Amino acid sequence: MAKGIWVYVEQRDGKVKKVTYELLSGGRKIADALGEELCAVLPGKGVAGLAAELGEYGADKVFVLESDSLENYTTDGYANAVADLAKQNDPTAILMGCTVTGRDLAAQVAQKLGTGLMTDCTEMALENGQLVFTRPIYAGKAFVKASCPEARPAMATIRPNIIAIEKAAKSAEVVSAAANTGDIRQAVKDIALQISSRPELTEADIIVSGGRGMKGPENFAILEELADVLGAAVGASRAAVDAGWVTHSFQVGQTGKTVSPVVYIACGISGAIQHLAGMSTSKCIVAVNKDPEANIFKVADYGIVGDLFEVVPLLKEEFKKILA
Amino acid sequence: MKIVVCMKQTFDTEAKIAVDANGKINKQGVSLIMNPYDEFAVEEALKIKEKSSGEVTVVTVAGPEGQDALRQALAMGADKAVLVDPGMDEIDEFTTASILAKAISEMEYDVLLGGFRAIDDGSAQVAGRVAEILGIPVVNVVTKLEIADGKAVATSEIEGGSQTVEVALPAMFTAQKGLNEPRYPSMKGIMQAKKKPMEKKALGDLGLDAGQVAPKVKAISYFLPSARAAGKIIPGEPADAARDLVKALREEAKVV
């Protein structure tokens with residue numbers, strides 16, 4: 001019989017991604033309710049040192065899959081190692097963050113295990129002993145509640161920034177497991193990371209985002225200055241990306257990134273349905289737009305009708321005062 | 001070079017979504033388009049074909065209405081199309097991938113392409129599953145693809161940057177925005193598309209039965225998001241409004 005709630009630990013260069021702690025916090029409650037263990041699955045090279053900190057976020061057990069061939073993430077290497085471990089231990093569920101890597105890995109592991117996968121979930125709960133996930137479809141215009149009733153493990157990727165992190169101060173049992181990476185067919189030739197002092201869009205607590213109202217690429221500087229005061233990430237609407245003012249990696253919306261920060265500050269963004277699809281699960285939405293009829297005000301918690309070139313620098317000064 | 005593109009017809013990005021009396025998503029009257037990410041995949045297939053000669057086959061798992069998206073791909077320049085109608089009420093990504101893989105396994109292929117996700121289910125897992133079933137490698141969210149000497153060098157998006165990987169063919173690649181600019185079908189292309197082969201198959205034609213491809217995931221209920229209530233417009237001169245807004249975020253919303 002399947003047992004154990006598993007959380008895939010996403011790390012890069014020895015740093016655990018925040019979504020992993022979120023999954024451990026959420027997984028802890030599910031594991032307690034089912035009376036099962038919460039296990040962290042940690043593949044990589046030279047990552048064993050991270051095991052202790054995973055216990056602090058609730059893991060009962062950490063499976064460490066150490067291998068030289070897991071130094072860089074590859075679809076084959078990671079999927080083979082994780083699926084092989086799952087085959088040997090038969091978990092109830094495997095949770096991963098809905099990141100670029102998590103999405104890639106989850107699909108391969110699910111197919112290797114012949115099981116179901118629910119992606120980009122915004123809620124998970126136990127209903128009559130069954131793990132039930134809620135996920136957006138049609139870019140957030142509707143939701144479906146679904147489960148994987150028979151096949152095990154039930155698999156899901158969970159949207160970052162949805163589950164509140166809670167520390168549990170456990171000391172996790174560390175289990176070194178064999179990493180069967182198999183034949184790795186993707187040879188990594190080059191990794192180019194954009195060097196930025198700002199948080200990643202999908203992980204940021206605060207996002208300052210600009211749209212058509214920014215009028216040009218040079219004006220994003222005022223958003224960056226506000227973002228720096230707030231420790232925020234900078235995003236953009238499709239209009240700003242299509243105009244070539246910022247690259248697609250900044251885009252929030254149906255054909256860009258889906259974000260769920262605590263505060264989303266939309267500057268000069270009209271609020272097209274395709275943009276709202278990417279940010280409507282933000283906890284607090286702030287809009288600055290000179291058009292009082294702009295759609296964005298229909299979803300914003302707070303709005304200022306005004307010229308963003310005047311308002312944004314003033315906001316920066318006000319935030320500076322309270323955050324000093 | 002034999003290229004196969006997995007594609008899907010989806011609702012229009014501007015479509016309004018409603019739940020019908022049976023609690024399912026109401027698909028009546030919603031205008032349908034080719035999944036935008038699949039357009040990148042079709043365009044890339046055509047570019048590879050133009051460079052190295054070959055043949056582009058587009059394949060979808062859908063009801064009869066899925067022909068429209070296939071037709072569009074044919075009008076863009078694909079050579080033939082295959083539609084497999086599962087004839088099942090409930091399907092999931094396991095179902096779709098199992099059917100696609102079976103259909104593709106009967107074809108010759110060097111390169112498989114697909115959109116990295118569909119804008120309706122947004123699950124981004126079918127292409128990866130197809131690759132897994134066929135036993136070929138996958139590279140997801142590709143923004144640049146170079147094919148030469150039986151190998152591919154693909155640049156793909158990763159968290160906070162990009163990476164370049166090399167794989168031997170055959171392999172599956174999923175397209176991300178930025179890979180190319182999809183062409184519009186020409187008038188001539190649209191006329192020619194009408195004469196290109198469009199094969200329609202049922203599960204039985206592939207030697208499959210519904211039990212073998214039964215979904216692993218079951219939908220329990222569909223619902224619309226609760227509308228976000230419109231909030232407060234902070235009045236006043238810009239300086240006053242900015243001060244009051246920051247105060248509200250700290251004291252009322254308690255978010256900064």
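Throughout, protein chains are lettered first and strands after them, A, B, ... in sequence-line order, and every chain is numbered starting at 1. Predicted model only: the values in this text are computed from it and were never measured.
Between chain B and the options A/Met118, A/Lys112, A/Gln274, A/Glu310, heavy-atom pairs under 4.5 Å are most frequent for A/Lys112. Taking B/Gly161, B/Ser162, B/Ala241 one by one and counting their heavy-atom pairs under 4.5 Å with chain A, the maximum is reached by B/Ser162. Of the listed residues A/Ile184, A/Asp190, A/Ile206, A/Thr157, the one with more heavy-atom pairs under 4.5 angstrom with chain B than any other is A/Asp190. The candidate with the highest count of non-hydrogen atom pairs below 4.5 Å against chain A, out of B/Phe116, B/Tyr37, B/Phe94, is B/Tyr37. Contacts with chain B were tallied for A/Thr281, A/Val311, A/Thr255; A/Thr255 has the most, counting heavy-atom pairs under 4.5 Å. The candidate from A/Pro136, A/Ser249, A/Ala107 with the greatest count of non-hydrogen atom pairs under 4.5 Å with chain B is A/Ala107. Most heavy-atom pairs under 4.5 Å with chain A: of the set B/Lys247, B/Arg117, B/Lys218, B/Arg129, this distinction falls to B/Arg129. Taking B/Pro137, B/Gly128, B/Gly231 one by one and counting their heavy-atom pairs under 4.5 Å with chain A, the maximum is reached by B/Pro137. By number of non-hydrogen pairs under 4.5 angstrom with chain A, the leading residue of B/Leu224, B/Val141, B/Val138, B/Val139 is B/Val138. Chosen from B/Val217, B/Thr10, B/Val167, the residue pairing most often with chain A at heavy-atom distances under 4.5 Å is B/Val217. For the set A/Gln251, A/Glu10, A/Lys141, A/Gln194, the count of heavy-atom pairs under 4.5 angstrom toward chain B peaks at A/Lys141. Each of A/Lys321, A/Glu317, A/Arg135, A/Lys316 has some count of heavy-atom pairs under 4.5 Å with chain B, and the biggest count is that of A/Arg135.
Counting heavy atoms from C-beta outward, B/Leu145 and B/Leu113 have side chains that approach closer than 4.5 Å. Using a 4.5 Å heavy-atom threshold, the side chains of B/Pro36 and B/Ile119 count as touching. The shortest side-chain heavy-atom distance between A/Thr20 and A/Gln11 does not fall under the 4.5 Å cut-off. You'll find the side chain of B/Val84 stays beyond 4.5 Å of the side chain of B/Thr60, heavy atoms only. Side-chain contact between B/Ile99 and B/Pro86 is present, with heavy atoms from C-beta onward closer than 4.5 Å. Side-chain contact between B/Ile158 and A/Arg12: present, with at least one pair of heavy atoms (C-beta onward) separated by less than 4.5 Å.
For A/Arg238 and A/Asp242, the salt-bridge test passes: some basic side-chain N is under 4.0 Å from an acidic carboxylate O. Using a 4.0 Å cut-off between a side-chain N of Lys or Arg and a carboxylate O of Asp or Glu, B/Asp240 and B/Arg243 qualify as a salt bridge. Ion pairing of A/Arg159 with A/Asp120 is present here, as a side-chain N (NZ or NE/NH1/NH2) and a carboxylate O approach within less than 4.0 Å. Checked for salt-bridge contact, A/Lys17 and B/Glu159 miss the test: no charged N lies under 4.0 Å from a carboxylate O.
For A/Ala151, the part sitting under 4.5 Å from any heavy atom of chain B is the side chain, from C-beta outward, and nothing else. Of the atoms belonging to A/Leu193, heavy atoms from both backbone and side chain fall under 4.5 Å from chain B. Contacts between B/Tyr222 and chain A at a heavy-atom distance below 4.5 Å involve backbone atoms as well as side-chain atoms. With a 4.5 Å cut-off on non-hydrogen atoms, A/Thr247 does not touch chain B at all. Proximity to chain A (any heavy atom under 4.5 Å) is shown, for B/Glu157, by both the backbone and the side chain. Only the side chain of A/Val132 comes within contact range of chain B, with heavy atoms under 4.5 Å apart. Looking at A/Gln254, the atoms closer than 4.5 Å to chain B (heavy atoms on both sides) sit in the backbone and in the side chain alike. Contacts between A/Thr202 and chain B at a heavy-atom distance below 4.5 Å involve the side chain alone, from C-beta outward. Using a 4.5 Å cut-off between heavy atoms, B/Leu245 contacts chain A through its side chain alone, with no backbone atom that close. With a threshold of 4.5 angstrom between heavy atoms, A/Ala110 approaches chain B through its backbone and through its side chain. A/Val286 touches chain B through its side chain: at least one heavy atom from C-beta onward sits under 4.5 Å away, while N, CA, C and O do not. Residue A/Val299 touches chain B through both its backbone and its side chain, counting heavy-atom pairs closer than 4.5 Å.
A/Thr101 and A/Asp104 share no donor-acceptor pair across their side chains, judged by distance under 3.5 Å alone.
Ring planes of A/Tyr73 and A/Tyr78: tilted class, angle from 30 to 60°.
Side-chain atoms of B/Thr96 never come within 3.5 Å of backbone atoms of B/Glu93 as a donor-acceptor pair (strictly under, hydrogens ignored).
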Distance-only check: which donor-acceptor pairs under 3.5 Å involve side-chain atoms of residues 249-256 of chain B, not counting sequence neighbours?
{"unit_1": "B/Arg250", "atom_1": "NE", "unit_2": "B/Val256", "atom_2": "O", "d": "3.2"}
{"unit_1": "B/Arg250", "atom_1": "NH1", "unit_2": "A/Ile322", "atom_2": "O", "d": "3.4"}
{"unit_1": "B/Arg250", "atom_1": "NH2", "unit_2": "B/Val256", "atom_2": "O", "d": "3.4"}
{"unit_1": "B/Glu252", "atom_1": "OE1", "unit_2": "A/Tyr302", "atom_2": "OH", "d": "2.5"}
{"unit_1": "B/Glu252", "atom_1": "OE1", "unit_2": "B/Lys232", "atom_2": "NZ", "d": "2.9"}
{"unit_1": "B/Glu252", "atom_1": "OE2", "unit_2": "B/Lys232", "atom_2": "NZ", "d": "2.6"}
{"unit_1": "B/Lys254", "atom_1": "NZ", "unit_2": "B/Glu251", "atom_2": "O", "d": "3.2"}

